[in-house]
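One structure below.
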Amino acid sequence: MTEYATITLDDGRTMKLPIVKGTEGEKAIDIRALRAETGYITYDPGFGNTGSCRSRITFMDGEKGILRYRGIPIEELARRSSFVETAYLLINGELPTSDELIRTSVKLNDHSLVHEDMNTFYRNFPRASHPMGILSAMVNALRSFYPTLLNTEEEFEQTFLRLISKVRTMAALSYKISLGHNVEYPRPDYTYCTNFLHMMFNSPVRPYKVHRKLVKALNVFWILHADHEQNCSTSVVRSVGSSRANIYASVSAGISALWGPLHGGANQAVISMLENINENGATISQVLRKAKSKKDTFRLMGFGHRVYKTYDPRAKIMKKYCDDVLKKLNINDPLLNIARKLEEAALSDSYFADHNLYPNVDFYSGILLRAMGIPTNMFTVMFAIGRLPGWIAQWREHMTDPEQKITRPRQVYLGYNKRSYVSMEKRGIED
Ligand code: COA
């Protein structure tokens with residue numbers, strides 16, 4: 001039976017609004033008829049209280065620290081799944097059968113090369129270009145190379161596999177080109193993650209031996225980033241798609257949104273903060289004091305989250321893999337020690353407890369990427385590769401949802417009321 005919320009307006013009129021319920025007990029007031037019936041709109045900058053869709057993809061509970069993809073806890077996926085399998089799950093809704101997984105791997109391999117003509121574009125970006133700008137431009141350019149429309153299931157499958165496979169190759173390619181090195185092609189006998197590390201680090205003069213531990217850590221890193229419901233870049237992908245722009249243009253816009261330091265750029269900011277402590281000799285208590293001061297804009301990077309008001313479940317897993325990889329590979333990164341001490345001190349400080357500030361996924365992820373040898377300016381690209389299955393799954397859900405329309409918020413206008421044009425002559429401008 002439908003439940004209702006009743007609102008009373010200041011002129012005494014009331015309106016009954018239906019309540020929409022989710023499978024995990026969340027409730028939303030359906031305000032779609034509000035403007036037509038009352039003339040009022042809702043005001044919610046940043047959309048912190050606005051549900052933009054009904055989704056079956058990802059569930060998160062910020063109070064309890066829960067994250068599940070298609071119902072499966074992130075902890076289980078990180079422990080038992082691979083990035084490719086998780087991507088399949090997000091996009092198709094179910095875990096693949098053995099045949100489906102083999103078919104997916106074969107197709108990812110088939111699509112893994114980048115059109116040679118694209119290399120011309122790559123080689124002409126200025127050397128100092130940020131890899132996120134290059135990636136966004138090149139993903140948009142894919143539409144010109146692969147103009148197939150997404151009319152059938154088969155065409156959709158081909159397109160999403162092409163994107164997932166090529167984005168990884170394109171990221172490694174841009175790194176090699178930035179070094180002025182020869183491009184390393186993917187190998188058919190390597191898995192998705194192994195191939196990425198191979199394309200990034202193999203060189204004719206220094207053959208790269210892919211370490212099993214790093215492959216697992218990379219799988220986990222990408223699984224943890226694969227989706228996070230209606231975050232900024234995902235909402236952008238949905239919005240662009242809502243105009244019926246093609247999937248490459250939609251994903252390219254998502255990459256641009258992720259580029260921002262308030263979104264995907266935080267892992268890089270954590271490393272800068274830890275390096276600052278390491279190199280400038282600031283003490284932990286000085287850093288915490290600075291983060292707590294209302295006179296200072298500095299924040300403890302990698303701490304706090306808009307939704308999680310407890311320990312980010314992804315951060316717990318990231319921390320474990322970070323410890324494990326550094327230990328097994330005998331890497332002594334002084335930043336890990338600083339991060340541990342900083343976390344311990346912050347968690348026992350009443351300011352952070354009172355503000356519900358806990359480590360988020362970015363607190364340890366940069367240290368893990370450093371251990372893999374990933375350069376700092378590629379950190380956000382690593383996030384983008386991981387988030388791609390989420391963007392594709394959300395884009396598809398949006399395009400097939402009969403309730404969705406072109407995204408078009410309203411506004412509360414605060415500008416001038418009607419006034420007349422003042423002639424050039426009266427403004428002292430000569431004709
Ligand atoms: N260090 C110190 N204080 C912090 C803080 C941090 N990392 N994050 C939030 N706060 C404080 C704010 O100063 C504010 O304090 P006040 O209420 O006394 O004025 C309060 O906590 C709420 O902050 P607000 O900015 O309103 O929270 P938000 O939900 O909008 O912001 C983040 C969430 C993630 C943007 C924020 O926690 C942050 O900037 N974290 C650091 C950057 C980061 O790690 N980003 C990656 C996110 S995955």
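All heavy atoms count here, side chains included; hydrogens, waters and symmetry mates do not. Sequential numbering from 1 along the given sequence is applied to the chain's residues. All ligand and atom numbering here is 1-based and tracks the order in the structure.
Between the side chains of T194 and T191, at least one donor-acceptor pair of N or O atoms lies under 3.5 Å.
For atom 34 (C) of ligand 1, the closest heavy atom belonging to the protein is G304 O, 3.5 Å. When only non-hydrogen protein atoms are considered, atom 4 (C) of ligand 1 lies nearest to L357 CD1, 3.4 Å. Closest protein heavy atom to atom 11 (C) of ligand 1: Y351 OH, 3.5 Å. Annotation: atom 42 (C) of ligand 1 to nearest protein heavy atom, M301 CE, 3.4 Å. Closest to atom 2 (C) of ligand 1 among all protein heavy atoms lies A291 O, 3.5 Å. Closest to atom 45 (N) of ligand 1, if we only count protein heavy atoms, is A266 CB, 3.6 Å.
Taking the ring centre of Y40 as origin, the terminal cationic atom of R35 falls outside the region bounded by 6.0 Å and 45° from the ring axis.
The distance criterion of under 3.5 Å between nitrogen or oxygen atoms is not met by R314 with respect to ligand 1. Of the N or O atoms in F303, one or more lie within a sub-3.5 Å distance of an N or O in ligand 1. Residue H263 places no N or O, backbone or side chain, under 3.5 Å from any N or O of ligand 1. Ligand 1 has a nitrogen or oxygen under 3.5 angstrom from a nitrogen or oxygen of G302. The shortest N or O to N or O distance between L300 and ligand 1 is under 3.5 Å. An N or O contact shorter than 3.5 Å links R299 to ligand 1 by distance.
Side-chain contact check for I367 versus L326: some heavy-atom pair is nearer than 4.5 Å. Counting only heavy atoms from C-beta outward, the side chains of I19 and T2 never approach each other to under 4.5 Å. K292 has its side chain within reach of F352: a pair of non-hydrogen atoms, C-beta onward, lies under 4.5 Å apart. A 4.5 Å side-chain heavy-atom check between Q404 and E397 finds every atom pair outside the cut-off.
At a distance under 4.0 Å, a protein heavy atom can be found next to atom 47 (C) of ligand 1. The protein does not reach atom 27 (O) of ligand 1 closely, with no heavy atom under 4.0 angstrom from it. Checking atom 21 (O) of ligand 1 against the protein gives a heavy-atom contact under 4.0 Å.
Remark: among candidates K292, K294, R306, H355, the nearest residue to atom 30 (O) of ligand 1 is R306, based on non-hydrogen atoms.
For F160 and F156, the ring centers sit closer than 6.0 Å to each other. For F303 and Y358, the gap between ring centers reaches or exceeds 6.0 Å.
Residues that satisfy the side-chain hydrogen bond (donor to acceptor under 3.5 Å, both in side chains) test with N377, not counting sequence neighbours, are absent from this structure.
Atoms of ligand 1 found under 4.0 Å from any heavy atom of D362, numbered from 1 in the order shown, are 46 (C), 48 (S). Applying the 4.0 Å criterion to heavy atoms of H305 picks out, from ligand 1, the atoms 33 (C), 34 (C), 37 (O), 48 (S).
Heavy-atom separations between V361 and ligand 1 are all 4.0 Å or longer.
Salt-bridge check for D324 with K328: passed, with a basic side-chain N closer than 4.0 Å to an acidic carboxylate O. By the 4.0 Å N-to-carboxylate-O rule, E403 lies close enough to R54 to be salt-bridged with it.
A donor-acceptor pair under 3.5 Å is formed between the side chain of S243 and the backbone N or O of V240.
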